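Down below is the structure, laid out as structure tokens.
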Amino acid sequence: MNIMHVMVAPLALMGIMGGVFGALLAVASIVFRVHQDERIGKIRAALPGANCGGCGYPGCDGYASGVVNDGAPVNKCSVGGAKVAEIIAGIMGVEAGASVPVRAFLKCKGTCEASPRQLTYEGIQDCRSAVTVPGGSPNACPFGCVGLGTCVSVCQFGALSMGDDGLPKVDVSKCVGCGACVENCPKGMFTLVPVTADVIIACNSHWKGPAVKSVCSAGCIGCTLCEKKCPKQAITMDHDLAVIDQSKCIKCGICAKVCPAKCIKTGEKYTVMEKSA
């Protein structure tokens, strides 16, 4: 009898305490509940759900919250494009604004022929692993594409494939400009350019003259001829590498004509698909 009494009392006390704590938690959940702006849910529903990160936020949930809470632009979803931007703008009660779609561009013409591989890499078939070898790359050019296809594996839209020449190819009809290839390339070989861009420097080397030619026959040699001949001053030199300001470029093609290295891509060669160097 005494044993039963000893057991029942603590159990009863625990039950009472459990009930009290449960009631307190229920009250706290109501009092301290964080009310989410309903616009976040509406924006999230309008987004395509690719979670590519091209907007600069960690997935579609992050972007939806960013638009409402951080004032992020309503037209940052490259996958959804103008249609989604208009929907989000309607939810937020603002103007969508004009935005030019972008796509990935490979800043390299260093094919297996143009830039010979200086060693055979037999490690993990991933560019991020290959750059840890002495010299920073299996390739002769330390600025060039490693060529193991990490960009292809991270592209969710099938816009990238490896070519027979050792370089990845961009299918511009599939590229949504999410930036996954830009983020995951250890050599910074990719950049996002407006879909209207027809004149682009296909090189990533900051070396000059003979130093470039010793590792790649197709690299920019930093001669500055393109800069000097551009009628709109759209080209500047960044540490011996030509850079084009697309907002100034009038697509005249003069720079490509005077470039002795032929590393400036123009017109149809780029806008259709990166099939040939």
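Since the structure is predicted, the reported quantities are computational estimates derived from the model, not experimental observations. For the single chain, residues carry numbers from 1 onward in sequence order.
From Met189, atom CE reaches atom SG of Cys108 across 4.0 Å, with rounding to the nearest 0.5 Å. One distance of note links CD of Glu95 with CD of Glu86; it measures 10.0 Å at 0.5 Å rounding. Here the NZ atom belonging to Lys248 is positioned 11.0 Å from the NZ atom belonging to Lys232, to the nearest 0.5 angstrom. To the nearest 0.5 angstrom, Asn184 atom CG is 9.5 Å from Cys151 atom SG. To the nearest 0.5 angstrom, Asp198 atom CG is 4.5 Å from Lys251 atom NZ. Within the model, atoms CG of Leu167 and CG of Leu106 stand 6.0 Å from one another, a figure rounded to the nearest 0.5 Å.
In this structure a side-chain-to-backbone donor-acceptor pair under 3.5 Å is present from Ser115 to Val215. With Arg103 contributing its side chain and Val195 its backbone, the two residues share a donor-acceptor pair below 3.5 Å. With hydrogens and angles disregarded, no donor-acceptor distance shorter than 3.5 Å links the side chain of Thr191 to the backbone of Phe105. In terms of modelled atom types and a separation under 3.5 Å, the side chain of Lys107 and the main chain of Gly188 share a donor-acceptor contact. Judged by distance alone, with hydrogens and angles left aside, the side-chain atoms of Gln156 form no donor-acceptor pair with the main-chain N or O of Val154 at under 3.5 Å. A donor-acceptor pair under 3.5 Å is absent between the side-chain atoms of Ser65 and the main chain of Gly62, judged by distance alone. Under a 3.5 Å cut-off, the side chain of His206 and the backbone N or O of His239 do form a donor-acceptor pair. Side chain of Asn139 to main chain of Cys145: a donor-acceptor pair is present (N/O by atom type, distance under 3.5 Å, no hydrogens or angles). With Thr111 contributing its side chain and Ala114 its backbone, the two residues share a donor-acceptor pair below 3.5 Å.
Minimum interatomic distance between Ile264 and Cys255 (heavy atoms only, all atoms of both residues): CD1-O, 3.6 Å. The two residues Ile235 and Ala242 make their nearest non-hydrogen contact at CG2-CB, 4.1 Å. When all heavy atoms are compared, the tightest approach of Cys77 to Gly80 is SG-N, 3.2 Å. Across every non-hydrogen atom of Lys169 and Gly163, the tightest pair is CE-CA, 3.9 Å. Contact record, Gly158 with Cys155: N-SG, 3.7 Å, taken as the closest heavy-atom pair. Of all the heavy atoms in Asn75 and Ala96, the pair that sits closest is ND2-O, 3.4 Å.
Using a 4.5 Å cut-off between side-chain heavy atoms of Ile, Leu, Val, Met, Phe, Trp and Tyr, with links allowed through other members, Met162 and Val182 fall into the same hydrophobic cluster. Using a 4.5 Å cut-off between side-chain heavy atoms of Ile, Leu, Val, Met, Phe, Trp and Tyr, with links allowed through other members, Leu192 and Val176 fall into different hydrophobic clusters. Hydrophobic clustering (ILVMFWY, side-chain heavy atoms < 4.5 Å, transitive): Val172 and Phe190 are in one cluster.
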Could you walk me through whether Lys109 and Lys265 pass side-chain contact (heavy atoms from CB on, under 4.5 Å), step by step? CA-CA 10 Å; Lys109 290 182 68 178; Lys265 290 193 174 183; 4.2 Å; yes
Between Ile201 and Val243, is a side-chain contact (heavy atoms from CB on, under 4.5 Å) present by the stated rule, with each step listed? CA-CA 7 Å; Ile201 307 296; Val243 178; 5.9 Å; no
Check against side-chain contact (heavy atoms from CB on, under 4.5 Å), Tyr121 and Val146: CA-CA 10 Å; Tyr121 174 74; Val146 178; over 6 Å; no
Does the side-chain contact (heavy atoms from CB on, under 4.5 Å) test come out yes or no for Ser161 and Asp171, once each step is laid out? CA-CA 8 Å; Ser161 61; Asp171 185 339; over 6 Å; no
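Through chains of ILVMFWY side-chain contacts below 4.5 Å, Tyr57 is grouped with Ile40, Ile43, Leu47, Tyr63, Val67, Val68, Val74, Val84, Ile87, Ile88, Ile91, Met92, Val94.
Exactly one of Thr150, Val170, Leu160 qualifies for a side-chain contact (heavy atoms from CB on, under 4.5 Å) with Cys181. That residue is Leu160. A side-chain contact (heavy atoms from CB on, under 4.5 Å) with Val199 is found for exactly one of Ile254, Thr266, Val193, Ile250, namely Thr266.
For Asp70, the CG atom is densely surrounded, since the number of other residues' heavy atoms within 6.0 Å is greater than 12.
Put simply, the side chain of Lys208 does not reach to within 4.5 Å of the side chain of Ile221, judged on heavy atoms. At least one side-chain heavy atom of Pro142 sits less than 4.5 Å from a side-chain heavy atom of Trp207.
Applying the salt bridge (charged side-chain N to carboxylate O under 4.0 Å, His left out) definition to pairs two or more places apart or across chains, those involving residues 120-138 are Asp126-Arg128.
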